[in-house]
Amino acid sequence: MAAAGPERPITEGALSLEVRWIFPGELAAAVADWFGRFPAEVEVREDTYLFTPQLPGLSVKVRAGRALEVKVYRESSGILEVAGRARGRMESWQKWSFPSSPPSHDRSDPPGWRPVHKKRRVSRFSLASGPVPGHAVGRGGGPGCAVELTAIRTRGQAWWSLGFEAAGPADLLRSELEAAAALVFAETLPGGMELSTSESRSYAEWLRRQAAAAR
C-alpha cells in the first residue's frame with residue numbers, strides 16, 4: 001500500500017465506508033508530526049453544515065462554498081479495531097455533490113447552518129499497487145482510502161479530527177479501510193494515546209451533539 005494524490009469532485013451517488021474520531025482542543029504538533037510520516041496534501045477550507053432541523057441519517061453541507069454535498073447514512077459496518085491503538089465505528093454512506101453557492105454571503109451564521117473551518121492534511125492509499133496518480137484512487141476511479149488529519153475551528157472553539165474514508169467498489173471498501181488503518185497505526189500515537197469509540201462519530205453527529213449541549 002502506498003500514498004497517492006488528489007481527490008476528484010463527486011457528481012453522482014457514490015458509496016463510502018468511513019470512520020472518524022473528533023477531539024476538543026488544538027491539534028498537537030506531536031500528532032501532526034506522527035501523521036507527517038506520509039506524503040500529504042494540505043487544504044484550508046470552510047464547510048457550512050446544516051445542523052437544524054435535525055435530519056437523522058442525513059448529512060448536508062456546502063463544501064468550500066462551491067458544492068452542496070448530501071450524504072445518506074446506509075448502515076453500521078461494525079467496529080474498526082487496531083489492537084492497543086484505535087477502536088472506531090465504521091459507517092457506510094452514499095454521497096451526492098452538486099454545484100452550489102454558500103447559503104449566505106453576510107458575516108452572520110445563516111439560521112440552521114454552522115460554518116466549520118478546516119485545515120486538512122490528506123494522505124491517500126491504494127491496497128492494490130504502488131504509487132498511483134490521485135485521480136485513479138477512489139472518488140469514481142480505482143479503489144482507495146483517504147486519511148485526513150484536520151484542525152477544526154467553529155464558533156471560536158478548537159477541535160481536531162482523524163478520519164478514514166474508503167471509496168470504490170463496495171466489496172473492497174472494508175479491506176481498503178482496514179489496510180490503510182493498519183499502515184497508519186503501525187506507529188503508536190504520541191504519548192501512547194488510544195482512540196476509542198467514545199470519540200468516534202461523523203461530523204453530522206458531532207454537530208448535533210454540540211447543538212444539544214448548547215441548549
Chemist: Contact between Leu149 and Trp34 at the side-chain level, heavy atoms closer than 4.5 Å - yes or no?
Modeler: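 Side chain of Leu149 against side chain of Trp34, heavy atoms only: no contact under 4.5 Å found.
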Chemist: What closest approach, in Å, do Val122 and Ala146 show between heavy atoms, and which atom pair accounts for it?
Modeler: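 Nearest pair, atom of Val122 first, then Ala146: CG1-CB, 4.3 Å.
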Chemist: Nearest heavy-atom pair of Cys145 and Leu177: which atoms, and what distance?
Modeler: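 Minimum heavy-atom contact is SG-CA, 4.0 Å.
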Chemist: Strictly below 4.0 Å, N to O, side chains only: are Lys61 and Asp47 in salt-bridge contact?
Modeler: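 The answer is yes: the pair qualifies as a salt bridge.
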Chemist: Can you list the residues that meet the side chain to side chain donor-acceptor pair (under 3.5 Å) rule with Glu178, with sequence neighbours excluded?
Modeler: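 With neighbours one apart ignored, the set is Arg174.
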Chemist: If you link I, L, V, M, F, W and Y whenever their side-chain heavy atoms are under 4.5 Å apart, who else ends up in the same group as Trp93?
Modeler: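 Other cluster members: Tyr73.
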Chemist: Show the numbers, then the answer: is there a side-chain contact (heavy atoms from CB on, under 4.5 Å) between Arg155 and Arg114?
Modeler: CA-CA 8 Å; Arg155 310 204 89 176; Arg114 177 71 51 81; 3.1 Å; yes
Chemist: Hydrophobic cluster mates of Leu207, side-chain heavy atoms under 4.5 angstrom, ILVMFWY only, any path?
Modeler: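 Besides Leu207, the hydrophobic cluster comprises Ile22, Tyr49, Phe51, Val116, Ile152, Trp159, Tyr203, Trp206, listed by chain and residue number.
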Chemist: If you compare all heavy atoms of Ser77 against all heavy atoms of Leu17, which two are closest, and at what distance to 0.1 Å?
Modeler: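 What the structure gives for the nearest pair is OG-CD1, 3.4 Å.
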Chemist: What about Phe164 and Ile79, same hydrophobic cluster or not, with Ile/Leu/Val/Met/Phe/Trp/Tyr joined at side-chain heavy-atom distances under 4.5 Å?
Modeler: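 No; Ile79 is not reachable from Phe164 via cluster members.
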Chemist: Identify every side-chain donor-acceptor pair in residues 180-197 under 3.5 Å, counting partners at least two apart or on other chains, and give the distances.
Modeler:
{"unit_1": "Ser196", "atom_1": "OG", "unit_2": "Ser198", "atom_2": "N", "d": "3.4"}
{"unit_1": "Ser196", "atom_1": "OG", "unit_2": "Ser198", "atom_2": "OG", "d": "2.7"}
{"unit_1": "Ser196", "atom_1": "OG", "unit_2": "Glu199", "atom_2": "OE1", "d": "2.6"}

Chemist: Taking Arg89 for the side chain and Ser200 for the main chain, is one N or O donor matched with an acceptor at less than 3.5 Å?
Modeler: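 Checked: pair present.
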Chemist: Measuring from atom CD of Gln210 to atom OG1 of Thr154, what distance do you get when rounded to the nearest 0.5 angstrom?
Modeler: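 The distance works out to 8.0 Å.
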Chemist: In Å, rounded to the nearest 0.5 Å, how long is the span from CD of Glu91 to CD of Glu205?
Modeler: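 Here the rounded value is 8.5 Å.
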Chemist: Checking salt bridge (Lys or Arg N to Asp or Glu O under 4.0 Å) against Glu43, which of Lys118, Lys119, Arg120 comes through?
Modeler: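 So the option named by the test is Arg120.
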Chemist: Taking only residues at least two apart or on different chains, which pairs with a member in residues 16-28 satisfy salt bridge (charged side-chain N to carboxylate O under 4.0 Å, His left out)?
Modeler: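 Listed by first then second residue: Glu18-Lys71, Arg20-Glu148, Glu26-Arg153.
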Chemist: Determine yes or no for a side-chain-to-main-chain donor-acceptor pair under 3.5 angstrom, with Ser92 supplying the side chain and Arg74 the backbone.
Modeler: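 Side chain of Ser92 to backbone of Arg74, a donor-acceptor pair under 3.5 Å: no, none is there.
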Chemist: Would you say Val147 and Leu172 are hydrophobically clustered, going by side-chain heavy atoms of ILVMFWY under 4.5 Å?
Modeler: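 Result: no, two separate clusters.
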Chemist: Give me the atom names and distance for the closest heavy-atom approach of Ala166 to Glu176.
Modeler: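 The answer is CB-CB, 4.2 Å.
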Chemist: With sequence neighbours left out, what residues match Arg87 under salt bridge (Lys or Arg N to Asp or Glu O under 4.0 Å)?
Modeler: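 Once residues adjacent in sequence are excluded, the partners of Arg87 under the salt bridge (Lys or Arg N to Asp or Glu O under 4.0 Å) criterion are Glu81.
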